[in-house]
Structure formats: C-alpha cells, structure tokens
Undergrad: 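There's a structure below that I have some questions on.
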Amino acid sequence: MNTVVVGLQFGDEGKGKVVDAISSKYDIAVRFQGGPNAGHTVVVGGKRYKFHMLPAGIMGTGLGIIGNGCVVSPDKLMEEISEIFGDTMPNFKVSHRAHIILDVHVEMDGWEERMRSSKIGTTKRGIGPAYQDKVGRYGIRFQDLLAENVLEKKLENMKKRYEPYGLNFDVKEIKKKLLDFGRAMRERITDVSLLLNMEIKNGKSVLFEGAQGTLLDVDFGTYPFVTSSNTVAAQASVGSGVPITSIDNILGVAKAYITRVGQGPLPTEIEGEDAKKLRDAGGEYGTTTGRPRRVGWLDLPLLRYAAMINGVREIALTKIDVLGKMDEIYVCDKYIKEGVKYEYPPLDLNGVEPELVRFESWGNILENESVSDIPEVMEYIRFIEERTGIKVKMVSYGERRKDMEYIA
Ligand code: IMP
C-alpha cells in the first residue's frame, strides 16, 4: 500500500504528526516537493523534532528519501541532521535530479520580495529562485556535485546569470563547498525513481509526505500568494518518479480551523481578541520562521476544492483540542459574493463573504477521554463529513503521538 499524505489548507495542518502516527506501517518515507520552507514537527517521548528537508516519516520507516521534485539547501540539511540525529547519519537517499539551493537563491528571495509591490511573505529560504533556475535550466543538481568539470561550467553559467543583479558569486569558493558536500553525500545520491520502483516491485510500501498545502500549490493555490512547487498529491508521482498507478491511497490533512502564514486571501479570517486566543491556544507561530500565523474558521469551500483536486478519500482532522478552547465555534459552509452562493471557490476569492454555521464548543478534552464520546465534537465531525462527502478517519487532539484517535 503506497499512500500520499497531503495538506488540504495553507500548510501547517499537522502533517508531521499524522505522518508520524502512520509511518511505522510503511517501509520508506519520501519527500517529493518543496525544500526547507517546510516544518514538520514530531513529538516523541516528550521531545520535539523539527523536520524541514528530510521526511518526518523517517522516524517510523527507518529509510527516508528526498525526491527529484525537491530543492535542497546543503547547509540547512546538514544543520537539520545534526540537530535531530547528532553525529549519526540517518538512513536516507537523495535523488541525483534534486536541485541545490545556493546562497544566491536566498539573496534573490529577499531581493525579489523587496521589489514586489504586493509582498508574498516567503520563508526566505531561496525556494522560489531555486525553482526558477530549475525551470530556466540553470539549476545545479545533486549529480553535478559528483562531476567537478560539469559543476564548474554550470557555476560559471550561473555567475553570468546573476551578474546583472550585482550579486557576489565566487565560483571557486562555491565549487569547493559543493564538492565537499557532494563527497559527504556520495553514497546517498541515487536514482531515486529506480530505487523506489524496484522496492515497490519487491512488495515494499511507501509513504509520500507532502509539504506546504494545496492552497499554496503554484497552479491550484491562491496565486501569486503561493509557493513555487506543485504541492498536490499528483506531484508525489512527478516528484519521485513513481507512476501514478502505483499510488493506492491519498490521505488529506486539515486543521479543525484554518491558518495561513504570509499574504493572500483568507476568507474566514478572524481578527482581534478571538484571533489571539486561537493563535495562542494552537501555538500558531511558524515552525520555520517563527512568524505569527493568521487564523480563521474552517473553510469548507476551500476544503471541498482541495479534497477534489487531490482525490482525497479520507481526512485526518488535527487540533480539535485547540478549537475547543473557543467559546463559540463556526464553520464556513458556503461563500456569498454579489448575492450568489458558492460551495466551491469562485474564480476570484476577493470580496467573498463566508456564510457561517455555529457550533457548541466542547471545551477541554480530558486525559483518557475518547473524542468519539464527546457529542459536540462528533456533531462537528459529522457536519464536515456530510458537507464534504469525505470520511474523517483520524482526529488528533494534542501534540503527543498518542493524542490521536481513529473514528468509526
Ligand atoms: P516560499 O515557499 O518560501 O516561497 O513562500 C511562499 C508562501 O508559502 C509564503 O506565504 C509562505 O509563508 C508559505 N509557505 C511556504 N512553506 C510553508 C509551510 O511549510 N507552511 C506554511 N506556509 C508555507
């Protein structure tokens, strides 16, 4: 069984937690897009582990893979490994086709953001510029780190590309750094597509771990306030080289409310004291950047659309305990725009008004209490199921591994 776990909102849905809960049932965990803009938090034995580039599922599977759809920062990857695993190298492979994020990409990320009249609020990890160089055919791939001559030529080319911006690009210094990194990665740089297809043929199961969320997808998200990769489930195939016919299941992760970091539309956004209460209760501050997240009520028009595009059959609903801290709970079932009601987002989200449905709060969830026994929680869940047509399979109600329940 090969499963894709995908975010159904603007990222930060709690994918790390869900992946961690199911990863021990799989043999291999794969990241297939994005880079260190992601932040997947896993709490094991009271200790928090923050994954940015490696799949968080590596904790359960024992083998992690960074697919060709990813962009990787050498420094950030090494930092992450040492923070999580200390001196022992975890068991992972990286696609020879995955692209490298250079310092110049990080600089360009900041520069582009300053130039924009309408800011995106990127994570400033160089993601956009690295993908631009990939698509523009300037990019440095992992396989280039193993061939000095090729690397040098590509870096010379890159230097010319960035000359007009007046950015410092020391080919000799960058080459040395990348060759050192290449030597450290030599045993790990692999044709990941071949490896995964062979393993699947041998009966191994794969957990594909999406980063960011559907509404940040470069095609299907709230463009231009999106990330620079495709974040939808179909990308699991393109970003790892595993055919779509090998994917059996797609599990969508949604928070019981909605959050967003950075700019762009958020139709159900809450402001003022309620927003502060929800943000603080949920610890809604970025894993990667520490920025406060914008918060809002669960948005079903966006959720329906996201579930449809991904082909989600089951939802894992997270942070239900946090939503219970609010005195009153609302869900947006439809939008109203210019007198017309919408169950799916209209072409332009600007000017939509959420039509809200009110729910009774369930208050605190007690230790050893089963969420299935809390009528207010179940009313909320059944409403989501009924109004999206998708089963809520799992509910998460805390940080710890055990704070997760399967719903009948
Ligand atoms: P970038 O991916 O750094 O280019 O940022 C583009 C947009 O995606 C910004 O609004 C970021 O805040 C958002 N973003 C990128 N990665 C994540 C994530 O992992 N969680 C939530 N938002 C993200």
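Read the numbers this way: they start at 1 and go in the same order the structure lists the ligands and their atoms.
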Undergrad: Before accepting this row, confirm whether a basic side-chain N of the pair Glu13/Lys319 lies closer than 4.0 Å to the acidic partner's carboxylate O.
TA: no
Undergrad: Does ligand 1 have an atom under 4.0 Å from some heavy atom of Ala211?
TA: no
Undergrad: What part of Phe10, side chain, backbone, both or neither, has a heavy atom within less than 4.0 angstrom of ligand 1?
TA: backbone
Undergrad: Could you tell me, atom by atom, which parts of ligand 1 come under 4.0 Å of a heavy atom of Leu216?
TA: 8 (O), 13 (C), 14 (N), 22 (N), 23 (C)
Undergrad: Using the ring centroid of each side chain, check whether Phe142 and Phe181 are separated by less than 6.0 Å.
TA: yes
Undergrad: If you count the atoms of ligand 1 from 1 in the order shown, which ones are under 4.0 Å from a heavy atom of Ile120?
TA: 6 (C), 10 (O)
Undergrad: Cationic tip of Arg188 within the cone over Phe92's six-membered ring, i.e. under 6.0 Å and within 45° of the normal?
TA: yes
Undergrad: Going by heavy-atom distance to atom 6 (C) of ligand 1, choose the closest among Thr123, Val226, Ile127, Asn37.
TA: Val226
Undergrad: Identify every side-chain donor-acceptor pair in residues 250-257 under 3.5 Å, counting partners at least two apart or on other chains, and give the distances.
TA:
{"from": "Lys255", "atom 1": "NZ", "to": "Asp12", "atom 2": "O", "distance (Å)": "2.9"}
{"from": "Lys255", "atom 1": "NZ", "to": "Thr259", "atom 2": "OG1", "distance (Å)": "3.0"}
{"from": "Lys255", "atom 1": "NZ", "to": "Glu284", "atom 2": "OE1", "distance (Å)": "2.9"}
{"from": "Lys255", "atom 1": "NZ", "to": "Glu284", "atom 2": "OE2", "distance (Å)": "3.0"}
{"from": "Tyr257", "atom 1": "OH", "to": "Glu284", "atom 2": "OE2", "distance (Å)": "2.5"}

Undergrad: Does this structure show an ion pair linking Arg161 with Asp133, if we count only N-O contacts that are shorter than 4.0 Å?
TA: yes
Undergrad: How far is atom 5 (O) of ligand 1 from its nearest protein heavy atom, and which residue and atom is that?
TA: Thr122 CA, 3.4 Å
Undergrad: Quick one: look up the protein heavy atom nearest atom 2 (O) of ligand 1 and list residue, atom name and how far away it is.
TA: Thr227 OG1, 2.6 Å
Undergrad: From atom 15 (C) of ligand 1, work out which of Gln212, Arg260, Arg293 has a heavy atom at the shortest distance.
TA: Gln212
Undergrad: Indicate yes or no: does Lys177 engage Asp75 in a salt bridge with an N to O separation below 4.0 Å.
TA: yes
Undergrad: Relative to the heavy atoms of Asp12, which atoms of ligand 1 are at a distance of less than 4.0 Å?
TA: 20 (N), 21 (C)
Undergrad: Tell me the contacting part of Arg291 for ligand 1: side chain, backbone, both, or neither, using a 4.0 Å heavy-atom threshold, strictly below.
TA: side chain
Undergrad: Please check if the side chain of Asn91 supplies one atom and the backbone of Gly62 the other of a donor-acceptor pair under 3.5 Å.
TA: yes
Undergrad: Would you say the rings of Phe359 and Phe383 are close, in the sense that their centroids are separated by under 6.0 Å?
TA: yes
Undergrad: Within ligand 1, which atoms have a heavy atom of Gly121 less than 4.0 Å away?
TA: 9 (C), 10 (O), 11 (C), 12 (O)
Undergrad: Does a side-chain N-to-carboxylate-O contact under 4.0 Å join Glu314 and Lys391?
TA: no
Undergrad: Check Val261 against ligand 1 and report side chain, backbone, both or neither, counting heavy atoms closer than 4.0 Å.
TA: both
Undergrad: Checking the N or O distance criterion of under 3.5 Å, is ligand 1 in contact with Ser228?
TA: no
